[in-house]
Amino acid sequence: AMGWSGDLLGDFKYGRATVLLDSYSTKVPPGVEGPILAGWGGCGAHIFDEEWREMCKEGKVSVSMVLERDLKRFPNVAFATVQGKEDETHIRFYKGIAQSWGLAEHTELTGPELYAGTNEEIASRQSVHPNFKIYYVDGPGHVFTNNPRLNTATSAGVTAPAPACQPTLLAWVTAFFAGEVVEDVCYGPAGRTPVAGTTDYCTVGDMIKCDVESMAPTAAAGIDPLGLAARSGASATSSPPLLPAGLSAACVALAVAAGAVAFRRLATPAKLEPALVEAGLAE
């Protein structure tokens, strides 16, 4: 979605569009993303015009650059991402790439270091593009929107009760797809100076403001911070659907098909990064 959203937004006509990304912070070992993209044949992808194709061949393009380009091209489109603070799968990929490229100093990335790096990227992005928001899920979770985690996750964790002052992930995603203005969501003290070795802070700019007392997870079942159950006539304690209301199966099918096409358009790599194969992460 991060690489191909701009291509799809440019190909289709729409009254309102939203782009939801899931579990890719764009933090990678330095100096490797451009050469990997070029070496794996990605420069011929349809998402690049001639100028970008030449930049890619020179190893000067990254996925985050493509996202920044599309945020600028489509300022009226709402972009958002869901991210585990200490995404364990992202950390494994990061370490595997670092090992393959002989970057010993980057093979011990920790969860708090990933979170700190992601925060820096988000702050830089939001300072230029106010149409980008984030929902942080505390802990090591990876990928939330295509499995039952979407029904259970909150800012406090994959299965943790929601803080009284913040929406659940499902409520936030539902509001986002409905065209409502959503704010950044993060569990922890707002504005706290980052402390090495912990993720118990939030530095994102427009986080839903919470006092200390309301940050405590509520024990009440079926919390519905945005009143979505009341609008639909459903019980707040009933099991919500895996897909948010208004997001049709056709939309999901389109996204899956686009991803499949995107994958087929990329040249098959001649060889996989050996560390990724060793770690069991390459398919």
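Worth saying up front: this structure is predicted, and the values here are computed from it rather than measured.
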**OP:** Please answer whether the main-chain N or O of Cys43 pairs with a side-chain N or O of Arg53 as donor and acceptor at a distance below 3.5 Å.
**Re:** yes
Original post:
With distance as the sole test, does Gln126 use its side chain to make a donor-acceptor pair with the main-chain N or O of Phe132 at under 3.5 Å?
Top reply: yes
Subject >> Any donor-acceptor pair under 3.5 Å from Trp172 side chain to Glu183 backbone >> reply: yes
Original post:
Partners of Glu68 by salt bridge (charged side-chain N to carboxylate O under 4.0 Å, His left out), sequence neighbours excluded?
Top reply: Arg125
**OP:** Look up atom SG in Cys202 and atom CD1 in Ile134, then write down how far apart they are to the nearest 0.5 Å.
**Re:** 10.0 Å
Subject >> Joint cluster assignment, Val143 & Leu21, ILVMFWY side-chain distance < 4.5 Å >> reply: no
Original post:
Is it true that a side-chain atom of Tyr135 and a backbone atom of Ser155 form a donor plus acceptor pair closer than 3.5 Å?
Top reply: yes
**OP:** Apply side chain to side chain contact (heavy atoms under 4.5 Å, CB included) to the pair His106 and Trp101, showing each step before the final yes or no.
**Re:** CA-CA 10 Å; His106 291 277; Trp101 285 73; over 6 Å; no
Subject >> Side-chain H-bond candidate by donor/acceptor type, Gln99 with Thr107, under 3.5 Å >> reply: no
Subject >> Contact summary for Ala156 and Pro161, nearest pair of heavy atoms >> reply: CB-O, 3.8 Å
Subject >> Check: Val185 main-chain N/O paired with Gln166 side-chain donor or acceptor under 3.5 Å >> reply: no
Subject >> Least distance between heavy atoms, Phe177 atom then Arg16 atom >> reply: O-NH2, 3.0 Å
Original post:
Would you say the side chain of Thr152 lies within less than 4.5 Å of the side chain of Leu169, judging by non-hydrogen atoms?
Top reply: no
Subject >> Pro112 and Thr198, any side-chain heavy atoms less than 4.5 Å apart >> reply: no
**OP:** Check ring-ring contact (aromatic ring centres under 6.0 Å, His included) between Tyr115 and all other residues, then give those that pass, not counting sequence neighbours.
**Re:** Tyr136, Tyr201
**OP:** State, with a plain yes or no, whether a side-chain heavy atom of Leu71 is found less than 4.5 Å away from one of Val128.
**Re:** no
Original post:
Is there a donor-acceptor pair under 3.5 Å between the side chain of Asp138 and the backbone N or O of Lys85?
Top reply: no
Original post:
Any luck finding a side-chain donor-acceptor pair between His90 and Tyr24 under 3.5 Å?
Top reply: no
Original post:
By salt bridge (charged side-chain N to carboxylate O under 4.0 Å, His left out), which residues pair with Glu121, not counting sequence neighbours?
Top reply: none
**OP:** Only counting residues at least two apart or in another chain, list the ones meeting salt bridge (charged side-chain N to carboxylate O under 4.0 Å, His left out) with Glu120.
**Re:** none
Original post:
Is it the case that one hydrophobic cluster holds both Leu114 and Ile97, taking links as side-chain heavy atoms less than 4.5 Å apart, direct or via other members?
Top reply: no
Original post:
Hey, is the main chain of Ala160 close enough, under 3.5 Å, to the side chain of Thr154 for a donor-acceptor pair?
Top reply: yes
**OP:** Mind checking salt bridge (charged side-chain N to carboxylate O under 4.0 Å, His left out) for Arg69 and listing every partner two or more places apart, or none if nothing turns up?
**Re:** none
What donor-acceptor contacts under 3.5 angstrom involve side-chain atoms of residues 72-81, with partners at least two apart or in another chain?
{"residue": "Arg73", "atom": "NH1", "partner": "Asp70", "partner atom": "OD1", "Å": "3.3"}

Original post:
Got a second to check how far Leu150's CG is from Thr145's OG1, nearest 0.5 Å?
Top reply: 7.0 Å
Original post:
Does the Asp87 side chain pair with the main chain of Gln83, one donor and one acceptor, at a distance under 3.5 Å?
Top reply: no
**OP:** State, yes or no, whether a side-chain contact exists between His46 and Trp4 at a heavy-atom distance under 4.5 Å.
**Re:** yes
Original post:
Should Trp52 and Leu37 be regarded as members of a common hydrophobic cluster, given that ILVMFWY residues are connected when their side-chain heavy atoms come within less than 4.5 Å of each other, either directly or indirectly?
Top reply: yes
Subject >> hydrophobic_cluster_shared for Ile122 and Leu109, side chain cutoff 4.5 Å >> reply: no
Subject >> Same apolar cluster: Phe93 and Ile91, side chain cutoff 4.5 Å >> reply: no
Original post:
Taking the side chain from Glu58 and the backbone from Met55, do they hold a donor-acceptor pair closer than 3.5 Å?
Top reply: no
